[in-house]
Each structure stands twice: as C-alpha cells, then as structure tokens.
Amino acid sequence: MRMRMWVLLLLVLAPSSVNGDTDQSHASALRIMYQGLNSPGQLTKWTSNGGDPCGDNWKGVKCSGSRVTEINLSGLGLSGNLGYQLTSLTSLTNFDMSNNNLGNEIPYNLPPNLQRLNFAGCGFHGSLPYSISLMTSLKYLNVAHNQINGELQDMFGKLSSLSTLDLSFNLFTGNLPESFSLLSRATDMYLQSNKFTGSIDVLADLPLKNLNVANNKFSGWVPSQLKNINLQKDGNSWNSGSAPPPPPGTPAGGRNHGNMSPSSTKNTGGVNGGVIAGIVISILVVGAVIAFFLLRKRSRKAHTDVEKMENQPFASLASEPHGIQELKSVQASIKAFEIPSSVNLKPPPLERHKSFNNDDISAKPPKKAPTNAMSYSIADLQMATNSFSADNLIGEGSTGRVFRAQFEDGKVVAVKKINSSAGAGIGISGVLSETFMDIVSDISRLRHPNVTQLVGYCCEHGQHLLVYEFLKNGSLYDLLHQSDECSRKPLTWNDRVKIALGAARALEYLHEVCLPSVIHKSVKSGNILLDSELNPRLSDCGLASLVPDADQELDSIAPEVSMSGHYTIKSDVYGFGVTMLELLTGRKPFDRLRTRSEQCLVRWATPQLHDIDALAKMVDPALKGLYPVKSLSRFADVIALCVQPEPEFRPPMSEVVEALVRLLQRTDMSKRTLGNDVRPHDG
Ligand SMILES: *[C@@H]1O[C@H](CO)[C@@H](O)[C@H](O)[C@H]1NC(C)=O
C-alpha cells in the first residue's frame with residue numbers, strides 16, 4: 001500500500017488566495033510541495049500561503065513568463081514529500097531534487113513534460129512509477145543511489161528521447177525489460193550495483209557510448225556490438241568462451257516476446273498476495289494518521305483562524321452597500337471551509353455551523369467566497385433552467401434530478417436538485433442546511449481531472465442545489481446503451497480503455513489520495529460523464545452521505561453491500577469492475593430483455609473472463625472485431641479481479657490504474673514490435 005499517500009494528505013488545507021504573476025495551478029502545486037516538505041526555512045521566499053513563485057524569486061525556481069519551468073532543490077537537506085499536485089506543473093522541464101532525504105516512494109503524479117528528472121540519492125524505495133513511461137520528452141532520468149526494488153516494468157517504449165538513464169546503486173532485480181531495446185537515443189546507461197539477472201542482449205543495438213553493468217547478476221555473453229564502447233562489466237557471471245552466433249534472422253529483441261505473459265501472470269498474482277498484508281497495514285496506518293490529524297487539528301485551529309482572516313479581502317467588501325451582512329457571511333463561510341472535515345465519518349457537531357441558516361446566505365452571494373464554489377440564488381437557477389422544466393432534465397439518480405442550466409451570459413452548467421428525502425442514509429430526515437454546507441465544503445475541495453468539478457451551490461428556502469460544470473457527451477451509460485446506433489459513432493477499443501483508466505484514476509484519488517478516504521457508493525456508468533474529447537469525469541463524488549442505503553438499484557452493487565448495506569472502498573471497486581464489463585460487452589448491468597441466464601451481466605460474464613474464445617464472443621459487437629486480442633484479455637483479467645465476491649481480494653484502485661496503464665503501454669508496444677495485433681472478430 002502507499003503509505004506516502006496517507007501521509008501527504010495531512011497537509012491538505014483550504015485553498016488560499018492567489019495573487020501575483022505565476023500561473024495559479026503552478027503556484028498552488030509549489031505551495032503544496034512546500035507544505036509536503038514541512039515548510040523548511042532553507043527554501044527562502046517559499047510560502048504555503050499566497051506568494052508568487054515567479055515574481056518573488058522563490059529559491060531554486062525558474063520561470064518563463066508566468067510558467068514554472070525549472071525546480072532545482074538539490075542537496076538542501078530537505079525531508080518530507082513533494083505534494084500531490086505535481087502533474088499541474090505542465091511547463092516544468094527540469095526537476096532536480098537529488099540528494100535530499102525524501103524517503104518513501106517516488107510519487108506517481110509527476111510533472112508530465114519533464115526533460116530532466118533527477119531523484120538521485122533521495123532515499124526512495126518501492127518501484128519506479130509507471131507514469132514515467134508517459135514522459136515522452138524525457139532526455140535524462142537519474143534515480144541512482146536509492147533503494148528502489150523489484151523488476152523493471154516494460155515502460156520504456158515511448159522514451160525515445162532518453163539519452164541518459166542512471167539506475168545504479170539500487171535494488172532492482174529481474175531481467176532487463178524488452179522495451180530497453182526501443183531507447184533509440186540512449187548513449188549513457190548506468191545499471192551498476194543492482195541485482196539484475198539474465199543477459200544484456202536488449203542493449204546490443206542501442207547507440208551507447210558509456211555502459212556500466214558492473215556488480216549485478218548478469219549472465220550470458222556480452223554482445224559484440226558493445227565491445228568497443230566504454231563498458232564496465234565486472235562483478236557478473238558472464239559465460240566464458242565465445243558467444244554462439246545468433247540464429248539467422250532473429251532480431252536482437254526477438255527472444256523476449258514470450259516474457260510478457262509470464263510476467264503478467266505474476267503481476268496478477270501479486271495483486272492478491274499483497275492484499276491481506278496491505279489491509280492490515282493500512283488499518284494501522286489510517287488509525288495512526290487519524291489520531292495524529294485530530295491532535296494536530298486541535299492544536300492548530302486557533303492559529304489557522306487568524307491566518308485565514310488575515311488573508312481575506314474584507315476591505316473591498318466593507319465599502320459595498322451590503323458589506324456588513326456579506327462580511328458576516330464570509331466570516332461564517334471561512335469557518336465552514338476552514339479545514340477538511342470528515343466526508344464519511346460522522347457529521348461534525350452541528351453548532352459549528354449554526355451561523356449557516358438560510359438567512360445568512362440570502363440572495364446576495366458572498367463575493368470572493370473562500371472556495372471556488374459560488375453561492376447562487378434560487379431565482380437565478382430557476383431562470384436558467386426555465387423553472388426546472390422537463391426539457392432541461394438531463395439525468396436522474398438516487399440523490400436527485402439534474403438539469404441543464406444556461407445563464408444570460410451563455411454559460412451552461414448542470415444543476416443537481418437534491419431530493420428532500422435524500423440524507424436518510426445518515427439518519428437525518430431531509431437535508432439539514434448545516435449538513436448540506438458540510439457536503440458543499442467537502443466536495444468543493446475535490447480536485448481531479450477525472451472528477452466533475454463543483455462550481456457552486458444554492459441553499460435557500462429549504463432547497464439544496466449543487467451546480468457543476470456541464471459535460472457535453474452525457475453519461476457513459478447513455479453512450480453505451482441508449483445512443484441511437486445510426487447517429488453516433490460507437491466507442492472504439494482505445495476510447496474504452498481510456499475511459500476505464502480515467503475513471504480508475506478518479507477512484508484512486510478518492511480512495512487513496514483523499515483523507516479520510518472518500519467512498520463513492522454509486523460507481524456505475526451512469527455516473528461517468530464524458531467531455532467533448534471523451535475524457536471521463538466521475539460525478540456525484542462526495543455525495544455518499546445522501547445516497548440512501550436501502551434504495552440502491554441492485555444492478556452494479558457488490559454482493560456484500562446487498563447483504564449488509566455496508567459500503568466500503570472495495571464495494572466501489574466492484575462497481576468499477578461492473579462498469580468495465582459494460583465497456584467490454586456493451587451490455588447493461590441488468591437487462592430484462594435477455595434470456596434469464598444472460599440478464600445479470602456479472603453472473604453471465606465472469607465465468608468466461610479467462611477464456612479467450614469466449615471473450616471474443618462476449619465482446620461488444622459494435623466494435624466489429626477491432627480490438628487487440630491481448631489488450632482485451634488483459635482488460636478482462638482486471639475485471640475478474642474487481643468483481644470477485646470477496647471484497648478483501650479486490651485490488652486497491654492504484655493497482656487497477658497501474659494495470660490499465662501497463663495494458664495501454666503494451667498495446668502500443670505490440671503495435672510497434674509485433675506488428676498488427678488486431679484480428680477480426682471470429683465469433
Ligand atoms: C542544481 O543545483 C546543483 C547545486 O546547486 C547543481 O550542481 C546542479 O547541476 C543543478 N542541477 C541542474 C539540473 O541544473
């Protein structure tokens with residue numbers, strides 16, 4: 001399990017005001033990084049609250065215009081973690097954190113467009129994150145002198161710019177991955193002092209000038225192509241005598257094709273094997289973290305209040321006609337949004353939000369509210385939805401109806417009208433305004449590219465509404481099951497994998513990045529919305545407390561939930577598996593119109609998931625046989641793990657994400673190295 005995730009979540013604070021030259025998302029990533037590093041004094045000018053990294057010359061930060069392009073904090077004795085928002089640093093090309101004491105694992109979320117990444121001597125353990133495989137601009141990668149272990153995944157296929165790779169002085173095991181042979185610009189490779197095994201044949205045709213493979217467990221012969229470069233090879237068990245001539249017509253990398261299947265079987269086994277230990281560890285860790293968090297929250301509360309007050313622009317409000325009332329209201333909201341409160345734990349004591357009754361948030365929304373969620377008036381929303389007319393109804397779920405709303409300025413949003421009966425699940429009859437504001441506060445903090453973004457709310461006259469960004473392509477359910485087949489292009493196989501991966505990342509975020517974990521409770525294709533490029537966004541995140549326990553449709557619900565009514569992150573994983581099954585088969589989770597044995601999708605499909613021929617018959621006919629067979633069967637393997645009846649054997653979402661990323665990678669690889677892997681549908 002990823003302990004680092006839990007630890008870095010201690011540091012989530014309410015968003016602070018932003019001013020200055022630096023791109024907001026870049027500045028925010030740096031502030032979160034600063035908090036993660038425990039706000040060290042040696043980072044002069046840095047602050048976790050406001051400040052302007054580019055304008056104020058933060059130590060080690062270089063910018064181009066408003067964009068952060070370089071961070072070099074090498075050898076500053078830093079400890080802690082790098083925060084969870086590094087993916088926002090889209091202009092960063094040079095990232096040097098070498099020789100610090102970061103410990104833990106290398107974060108999965110890294111700046112995506114790096115050219116140079118130096119994590120040497122950081123005390124990292126665990127494995128190399130698969131996200132590195134997507135950094136196609138990478139020229140220099142150095143993770144030497146850490147304790148990184150395990151086998152290298154086949155993750156180098158797209159790194160065709162990489163010229164220097166330094167993995168030396170770690171604990172890597174296993175054979176060199178096949179995709180090393182695709183590092184067509186590699187001139188310098190340092191693999192010394194690990195526990196690599198097998199031959200180094202995959203390196204034979206690379207344009208290497210310097211190669212150090214000393215002190216490993218390599219065997220076989222040194223390829224003749226490497227004999228005239230600067231090669232260090234002592235401390236291995238090379239075969240003596242001269243190398244046998246290669247069999248005629250064998251390309252250098254050819255021998256490895258058989259490697260992939262065994263390693264994938266092994267990985268799949270690993271998912272199960274580690275789960276029990278993982279659960280035990282995570283329970284201990286979560287317990288400790290919650291205790292720590294509560295203590296820390298208590299001791300910091302007074303201090304944070306003051307800090308927050310100082311950072312709010314009261315002056316401008318006070319001069320306006322309704323200044324005083326708004327001021328009160330802003331102060332109240334500051335309290336409400338102050339510190340992450342629980343999402344799934346018990347609701348906080350009610351008196352904390354006493355000031356939040358309907359009169360406080362009247363038709364005048366507080367300007368510059370301390371979150372990005374705006375307060376809307378019911379009158380505005382009524383106008384924008386044509387009085388919530390049936391024409392504007394775009395969806396209906398167990399928590400309420402969703403309407404399309406268009407404001408006078410042309411802006412389109414989706415408005416969710418919370419059912420007055422919702423909330424029964426947490427034992428309150430009807431939604432109390434206080435509880436509602438807690439929910440708004442919690443979901444306004446959820447920020448992830450694959451999670452629908454809350455833009456506002458309305459809490460007036462006993463009505464409770466949530467305002468979200470509007471997504472053009474509707475829900476995955478509609479696209480798969482209700483689109484008019486003539487009018488719409490069916491989803492391609494790649495679209496489907498991409499949608500599954502995005503949705504998996506959203507759940508990984510809710511389960512493993514948020515603290516406390518956010519259980520979604522209602523993971524299904526109807527809650528996966530798609531933007532105009534078919535990027536998925538998980539909707540209804542943070543609304544679990546409004547989902548009635550008894551009232552869930554039984555289609556995609558985990559067996560233990562239908563028996564006990566008790567939801568866990570593992571019941572979300574099950575719902576995700578069902579969604580993947582819908583993607584694979586194009587069938588609804590439950591379809592009355594089919595013959596009895598085929599009505600329940602999970603029951604019908606799971607016994608056949610490991611049978612390639614059965615799979616070819618199960619796959620959505622709309623794909624017309626256009627899918628890579630291997631990719632299909634790996635997709636099916638992931639499904640089989642997710643829909644296991646025993647919740648404890650279902651993998652954590654981070655493992656699902658990694659499996660799907662690997663699957664995408666291998667599909668690409670097989671296109672390049674094995675020729676066309678697509679075969680026509682033969683069922
Ligand atoms: C970062 O700074 C260190 C020491 O100040 C220097 O040796 C190193 O070359 C710098 N790294 C990069 C990538 O510029």
Side-chain angles (χ1 to χ4, degrees), residues 22-23 26-27 29-34 36-47 51-83 85-107 109-124 128-129 131-146 148 156 159-170 183 185-193 209-210 212 230:
T22 314
D23 181 291
H26 296 197
L30 261 56
R31 288 188 201 107
I32 290 168
M33 180 168 157
Y34 183 61
L37 294 169
N38 309 314
S39 310
Q42 57 271 46
L43 295 188
T44 50
K45 300 283 175 53
W46 287 60
T47 158
D52 177 12
C54 295
D56 300 343
N57 282 321
W58 286 18
K59 185 182 177 75
V61 175
K62 290 207 177 117
C63 297
S64 160
S66 60
R67 293 165 299 121
V68 177
T69 55
E70 190 175 324
I71 298 175
N72 185 356
L73 304 178
S74 173
L76 294 178
L78 302 171
S79 61
N81 67 67
L82 300 174
Q85 252 195 22
L86 296 176
T87 27
S88 312
L89 295 168
T90 48
S91 303
L92 195 71
T93 53
N94 205 341
F95 194 22
D96 189 345
M97 294 298 303
S98 57
N99 302 315
N100 284 293
N101 185 22
L102 299 178
N104 254 309
E105 290 184 39
I106 298 181
N109 294 315
L110 289 166
N113 300 314
L114 289 176
Q115 293 173 14
R116 295 177 63 87
L117 174 59
N118 193 343
F119 279 161
C122 288
F124 282 126
L128 272 192
S131 47
I132 289 179
S133 67
L134 303 173
M135 296 184 187
T136 50
S137 315
L138 208 57
K139 295 175 178 157
Y140 175 94
L141 173 61
N142 187 349
V143 296
H145 294 278
N146 285 289
I148 306 172
F156 299 89
L159 304 186
S160 53
S161 306
L162 194 71
S163 62
T164 300
L165 175 64
D166 192 341
L167 306 177
S168 61
F169 298 95
N170 278 290
L183 292 170
R185 301 252 168 82
T187 54
D188 299 85
M189 259 198 187
Y190 305 96
L191 308 177
Q192 70 268 27
S193 300
K209 298 198 172 86
N210 299 296
N212 193 336
N230 178 18

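Read the numbers this way: they start at 1 and go in the same order the structure lists the ligands and their atoms.
Checked by atom type, the side-chain pair N170/N146 shows no donor-acceptor distance below 3.5 Å. A donor-acceptor contact closer than 3.5 angstrom links the side chains of S98 and S74.
Between F95 and the options N118, L89, L86, a side-chain contact (heavy atoms from CB on, under 4.5 Å) holds for only L86.
The two residues G60 and L73 make their nearest non-hydrogen contact at CA-CD2, 4.1 Å. Of all the heavy atoms in N57 and K45, the pair that sits closest is O-CG, 3.8 Å.
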Show me the short polar-atom pairs for ligand 1: any N or O of it lying under 3.5 Å from a protein N or O, with distances only.
unit_1	atom_1	unit_2	atom_2	d
ligand 1	2 (O)	N72	OD1	3.3
ligand 1	2 (O)	N72	ND2	2.4
ligand 1	11 (N)	N72	ND2	2.8
ligand 1	11 (N)	D96	OD2	2.9

Distance-only criterion, 3.5 Å: show the donor-acceptor pairs between side-chain atoms of residues 110-117 and protein atoms not counting sequence neighbours.
unit_1	atom_1	unit_2	atom_2	d
N113	ND2	T90	O	2.8

